[in-house]
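Working notes, beginning with the structure itself.
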Protein chains: 2
Amino acid sequence: MTSNATDERERAAARLRGAGLKVTESRLAVFDAFHAGEHLDADDVHTRVAELLPTTSRQAVYGVLGALTDAGLLRRIEPAGSPALYETRTGDNHHHLVCTSCGKVFDVGCVVGEAACLTPSETHGFRIATAEVTFWGLCPECSASGALS
Amino acid sequence: MTSNATDERERAAARLRGAGLKVTESRLAVFDAFHAGEHLDADDVHTRVAELLPTTSRQAVYGVLGALTDAGLLRRIEPAGSPALYETRTGDNHHHLVCTSCGKVFDVGCVVGEAACLTPSETHGFRIATAEVTFWGLCPECSASGALS
DNA sequence: CGGTTGTCTTGACTTTGTCAAAACAACCGA
DNA sequence: TCGGTTGTTTTGACAAAGTCAAGACAACCG
């Protein structure tokens, strides 16, 4: 019987091949590093990858994250005041909720009525490709513990 | 007769005093550096300030920008892939249009129907304070010159 | 299985910004 | 008007996050 872990590796390998990328241990380990709903920075990913492949360099992680992002297998976000974060949920242009106190990030679906709302009132002649929305506020834990921002 | 330049310096000084900040040459020079609608990074500001006050240090500029931002006299934005930018238009929570090719930034008013639209579909229990919207696209010049992104 | 091409390692470097201590300047009150 | 106090600026070291380039190495194709 095939283990789930093996299944996941094979699925990851198939996605890499589909994107025209070579299948390497580093890349599989980066896929392994992400669990659903997480937003990890390059250092988080390096830490997790290094547990399995201790010789993996920081630059390899930057390289993998860049390649996977370019291939559309990861999405990169850069909230103000934070290093770049990566997530596995791609292709749906969802948005983010960031805690101004602890920095935790959550996904939120597209805003209600998106198509009509996210048309800027003046376009300055731009050909607009995407609208990115970030909500800032206090997460339940920080709110409960009395954090002010 | 009073010159416009003197008027502007006095207005800037009054705003500083109103915010409880000491009036210094550096701070007045930073105000001078901004023209309406511009989005300048710390280095841009330092360059302009140094034309008038050549001894001004980089750290003084960071200090002034931080103080003015904290006082609500400047607003800081941090578009992905760019150093922090500052603008003089504050207090109206307007949004931004960023060219993915050349990086130019323009202001846009609040999106149409904002109040209704910018409510996320799931709040994860957050106490939401603000919604930040960034539009990405090609500016007219880059669009005309055939840039692809 | 060997060659080609793309990936990873190593290590220097850049950019953007922060921290801390001492010199200095603005402002208040006498 | 003149000090004194407090806040600002200078100086210089440092830190975080990421980039660049060259050579070693591994994946994939035939």
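So that the names make sense, note that chain A is the first sequence line, chain B the second, and so on, each numbered from 1. Keep in mind that this is a model prediction, so the values were computed, not measured.
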Handout entry: Distance-only donor-acceptor check, side chains His96(B) and Asp107(B), under 3.5 Å
Key = yes
Practice task
Could you state the atom-to-atom distance from CZ of Arg27(A) to P of dT9(C) in whole Å?
Solution key: 12 Å
Practice task
Decide yes or no for Asp44(A) and Glu38(A): does some side-chain heavy atom of the first lie under 4.5 Å from some side-chain heavy atom of the second?
Solution key: no
Exercise for the section: Would you list the pairs meeting side-chain hydrogen bond (donor to acceptor under 3.5 Å, both in side chains) in which at least one residue belongs to residues 56-67 of chain B, sequence neighbours left out? Expected result: none
Exercise for the section: Let me know the distance between NE2 of His46(B) and P of dT16(C), rounded to the nearest Å. Expected result: 14 Å
Handout entry: Leu65(B) reachable from Leu16(B) in the ILVMFWY side-chain graph, under 4.5 Å edges
Key = yes
Practice task
Taking the side chain as every heavy atom from C-beta outward, state whether Arg15(B) and Arg27(B) have any pair of such atoms under 4.5 Å apart.
Solution key: no
Handout entry: Between C1' of dC28(C) and CG of Leu21(B), the distance in whole Å
Key = 17 Å
Completion exercise
Note: contacts of residues 58-83 of chain A with DNA chain D (heavy atom, under 4.0 Å) are Arg58(A), Gln59(A), Tyr62(A), Pro83(A)
Exercise for the section: Mind checking Thr24(A) for me? I need base, sugar-phosphate or nothing, with any heavy atom below 4.0 Å counting as a touch. Expected result: sugar-phosphate
Problem - Contact under 4.0 Å: Ser26(A) side-chain N or O vs dC8(C) OP1/OP2 - result: yes
Completion exercise
Asp43(B) CG to dT18(C) P, in whole Å, measures 15 Å
Practice task
Under 4.0 Å from any heavy atom of chain B: name the first and the last nucleotide of DNA chain D that qualifies, 5' to 3'.
Solution key: dT6(D) to dA13(D)
Handout entry: Atom-to-atom span, CD of Glu25(A) to C1' of dG6(C) - whole angstrom
Key = 16 Å
Exercise for the section: Answer whether the closest heavy-atom distance between the side chains of Phe135(A) and Thr123(B) falls below 4.5 Å. Expected result: no
Fill in the blank from the handout: DNA chain C nearest-nucleotide lookup for Lys22(A) and Val23(B): closer to the 5′ end is Lys22(A)
Exercise for the section: Find out whether Leu73(B) and Phe31(B) are in side-chain contact, i.e. whether some heavy atom of one side chain is under 4.5 Å from a heavy atom of the other. Expected result: yes
Exercise for the section: Nearest whole angstrom, please: distance from the P of dC27(C) to the CG of Leu16(B). Expected result: 9 Å
Problem - Pairwise side-chain contact, Val64(B) with Val45(B), heavy-atom cut-off 4.5 Å (strictly under) - result: no
Exercise for the section: For the residue pair Ser143(A) and Arg127(B), confirm or rule out a side-chain donor-acceptor distance under 3.5 Å. Expected result: yes
Fill in the blank from the handout: Pairing partner of dT7(C), by Watson-Crick or G-U wobble and under 3.5 Å for both distances, is dA24(D)
